[in-house]
Amino acid sequence: MRVREWDPRSASAGEIRSLVETVNAVLATDLPDDPPWQDVQVREYLAETVPGERRICWVAEDDRLPEGQSEIFAHVSILLLGDIGVLEVMVKPSLRRRGLGRQLVAMATRRAYLEGFSSIGVEAIGGTPAIPFYEALGFEREYVETRSVLNLASVAWPTLREMAAGIAPGYRVEYHPGGPPEELLEAYAQAKLEAQDDDEDLDLAPRSSDPQRLRDSLTTLHKRGLKPYIVLAIHEATGDVAGLTEVVVPAQHPERADQYDTIVVRAHRGYGIDRAIKARMLFELRDAEPSLREVQTWNAQNNESMLKVNAELGYQPDRDWFEYGVDVAQLVQLLEPTE
């Protein structure tokens with residue numbers, strides 16, 4: 001077994017293909033109802049980051065073959081953003097419990113330490129071996145979300161149409177495939193900024209809350225093969241963005257879309273905006289993405305209003321997702337080899 005730093009930009013097509021096979025082996029074991037990945041824009045998905053962020057990767061591979069021709073058994077990356085490093089570890093199920101994951105975490109943690117980062121965050125999926133793995137390394141649970149999945153084949157479309165129309169007078173709903181138009185970027189970023197103030201999580205995927213960062217984020221999404229769809233509620237008297245919802249369809253698994261933010265600005269709550277914009281989004285996705293079968297979303301367990309809206313739309317709770325954090329120096333000390 002050989003472990004080395006790995007750059008997806010220069011990786012061979014065979015390496016990318018082998019990595020996708022490992023991703024799908026992990027999904028088949030840990031999330032058997034999730035769609036498998038396709039080998040489409042995977043290189044870009046791993047390589048592209050928003051300006052000011054960096055992702056560093058390592059792979060474990062068969063050392064009997066030359067680099068670029070061997071099978072990839074495991075992958076770890078750390079995304080360095082803001083004041084936190086975001087860890088992602090993936091080990092082929094047949095090779096788990098042999099210390100490989102611990103070795104990969106040690107390499108990524110050491111790099112974060114040398115880069116001057118003081119904390120690392122990671123997402124761990126409930127009901128998988130990731131939970132005891134990270135807790136054994138001293139990661140502490142900071143935040144819990146519930147993932148829910150909507151099967152589009154089960155949607156009651158006539159009822160959904162009523163929901164989409166159920167917004168109070170004085171607001172209009174707009175659909176923007178690809179991202180909000182330039183003239184709305186500032187108002188859009190302002191709505192995201194207010195929601196950021198309400199967050200209690202670790203900011204493992206921080207919102208873009210200024211216009212330029214929003215532009216950069218949208219550009220990066222497209223480069224990574226993640227197609228964004230936006231539905232806005234506009235307050236007609238002021239032109240402000242009163243609410244927004246974002247869904248991204250990944251080229252890597254186009255059968256299942258990812259819900260990103262749904263935000264209703266505080267001054268505009270209570271007018272049916274959240275339900276109307278999410279319902280409108282499903283109609284637009286049905287027309288724009290004929291291969292789409294499901295949409296998945298994540299909500300904090302204390303966000304009762306959004307959980308209620310999702311239930312009315314037909315989302316079914318799937319499983320819990322946990323965000324963990326750890327002090328980098330303490331983890332480095334734990335993982336340092338002893339004489």
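Values below: every heavy atom of this structure, side chains too, minus hydrogens, waters and symmetry copies. Model, not experiment: these values are computed from the prediction.
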Stepwise side chain to side chain contact (heavy atoms under 4.5 Å, CB included) test for Val122 and Val86: CA-CA 6 Å; Val122 68; Val86 181; over 6 Å; no
Flag side-chain contact, heavy atom, 4.5 Å: Phe117 against Leu80: yes
Whether over 12 other heavy atoms sit under 6.0 Å from Glu5 CD: yes
Non-hydrogen side-chain atoms of Met163 and Val309 separated by less than 4.5 Å: no
Test item: Leu152 and Leu282 side chains (from C-beta on) under 4.5 Å apart, heavy atoms: yes
For residues 222-229, which side-chain donor-acceptor pairs fall under 3.5 Å, sequence neighbours excluded?
residue: His222; atom: NE2; partner: Gly178; partner atom: O; Å: 3.1
residue: Arg224; atom: NE; partner: Tyr45; partner atom: O; Å: 2.8
residue: Arg224; atom: NH2; partner: Tyr45; partner atom: O; Å: 2.9
residue: Lys227; atom: NZ; partner: Glu289; partner atom: OE2; Å: 3.1
residue: Tyr229; atom: OH; partner: Glu289; partner atom: OE2; Å: 2.5

Cluster link Leu331 to Ile131, ILVMFWY, side chain under 4.5 Å: yes
Closest non-hydrogen atom pair, Pro250 against Arg256: CD-O, 3.5 Å
Pair Leu150-Gln316, side chain to side chain contact (heavy atoms under 4.5 Å, CB included): steps then yes or no: CA-CA 6 Å; Leu150 173 66; Gln316 297 295 317; over 6 Å; no
Ser18 side chain to Gly14 backbone, donor-acceptor under 3.5 Å: no
Straight-line distance of Ile72 CD1 to Met90 CE, nearest 0.5 Å: 8.0 Å
Nearest heavy atoms of Cys57 and Ser77, plus distance in Å: SG-CB, 3.8 Å
Side chain Asp240, main chain Ala242, donor-acceptor under 3.5 Å: no
Hydrophobic cluster identity match, Val249 and Val40, side-chain contacts under 4.5 Å: no
hydrophobic_cluster_shared for Trp321 and Val247, side chain cutoff 4.5 Å: no
Contact check, side chains of Asn299 and Glu145, non-hydrogen atoms, under 4.5 Å: no
Glu236 CD: over 12 foreign heavy atoms closer than 6.0 Å: yes
Closest non-hydrogen atom pair between Ala108 and Val76, with its separation: CB-CG2, 4.1 Å
Neighbour count >12 (heavy atoms, 6.0 Å) for atom CD, Glu88: no
N-O pairing of Glu284 and Arg280 below 4.0 Å: yes
Stepwise side chain to side chain donor-acceptor pair (under 3.5 Å) test for Tyr188 and Glu246: CA-CA 11 Å; Tyr188 191 94; Glu246 308 162 328; 2.5 Å; yes
Pair Glu135 + Arg141: basic N to acidic O under 4.0 Å: yes
Side-chain ion pair, Glu71 and Arg17, N-O less than 4.0 Å: no
Leu292 side, atom CG; His253 side, atom NE2 - distance, nearest 0.5 Å: 11.0 Å
salt_bridge(Glu15, Arg4) N-O dist < 4.0 Å: yes
Residue from Asp33, Val149, Asp34 passing side chain to side chain contact (heavy atoms under 4.5 Å, CB included) with Glu294: Val149
Between CG on residue Asn24 and NZ on residue Lys92, distance to nearest 0.5 Å: 10.5 Å
Carboxylate-amine/guanidinium proximity below 4.0 Å for Asp62 and Arg2: no
Derivation and outcome, side chain to side chain contact (heavy atoms under 4.5 Å, CB included), residues Glu255 and Gln38: CA-CA 10 Å; Glu255 300 91 349; Gln38 302 176 16; 3.4 Å; yes
Any donor-acceptor N/O pair, Thr29 side chain to Val26 backbone, under 3.5 Å: no
Contact check, side chains of Asp261 and Lys192, non-hydrogen atoms, under 4.5 Å: yes
Within one Ile-Leu-Val-Met-Phe-Trp-Tyr cluster: Leu232 and Ile273, side-chain cutoff 4.5 Å: no
Note, Lys278 side chain near Met306 side chain (heavy atom, < 4.5 Å): yes
Exercise: identify the closest heavy-atom pair between Pro180 and Leu218: CD-CD1, 3.8 Å
Enclosure of Tyr113 OH (heavy-atom neighbours >12, cutoff 6.0 Å): no
Atom pair OG1/CD of Thr109 and Gln333 - distance to nearest 0.5 Å: 13.0 Å
Shared hydrophobic cluster for Leu160 and Val231 (ILVMFWY, side-chain gaps under 4.5 Å): yes
Test: Arg54 and Glu115 ion pair at under 4.0 Å: yes
Glu123 and Arg147 ion-paired at < 4.0 Å: no
No-hydrogen, no-angle side-chain donor-acceptor test under 3.5 Å, Gln296 and Asp258: yes
Shortest non-hydrogen contact from Val326 toward Leu137: CG2-O, 4.5 Å
Shortest non-hydrogen separation from Leu87 to Phe139 and the atoms involved: CD2-CZ, 4.2 Å
Centroid-centroid distance, Tyr271 to Tyr171, less than 6.0 Å: yes
Asn151 backbone acceptor or donor facing Arg293 side chain under 3.5 Å: no
Flag side-chain contact, heavy atom, 4.5 Å: Leu31 against Arg319: yes
Gap between atom OH of Tyr324 and atom OH of Tyr134 - 0.5 Å precision: 10.5 Å
Side-chain donor-acceptor contact under 3.5 Å, Thr245 with Gln259: yes
Criterion salt bridge (Lys or Arg N to Asp or Glu O under 4.0 Å) on Glu312 and Lys308, from CA distance to verdict: CA-CA 6 Å; Glu312 291 172 351; Lys308 182 175 183 292; 2.7 Å; yes
Chi angles and distances behind the salt bridge (Lys or Arg N to Asp or Glu O under 4.0 Å) call for Arg55, Glu44: CA-CA 12 Å; Arg55 180 179 289 106; Glu44 293 81 4; over 6 Å; no
Residue list, salt bridge (charged side-chain N to carboxylate O under 4.0 Å, His left out) with Glu174, at least two apart or on another chain: Arg172
Pairing of Arg96 and Asp30 as salt bridge, 4.0 angstrom limit: yes
Val265 side chain near Val241 side chain, heavy-atom distance below 4.5 Å: no
Spacing of CG belonging to Asp39 relative to CD belonging to Glu21, to within rounding of 0.5 Å: 9.0 Å
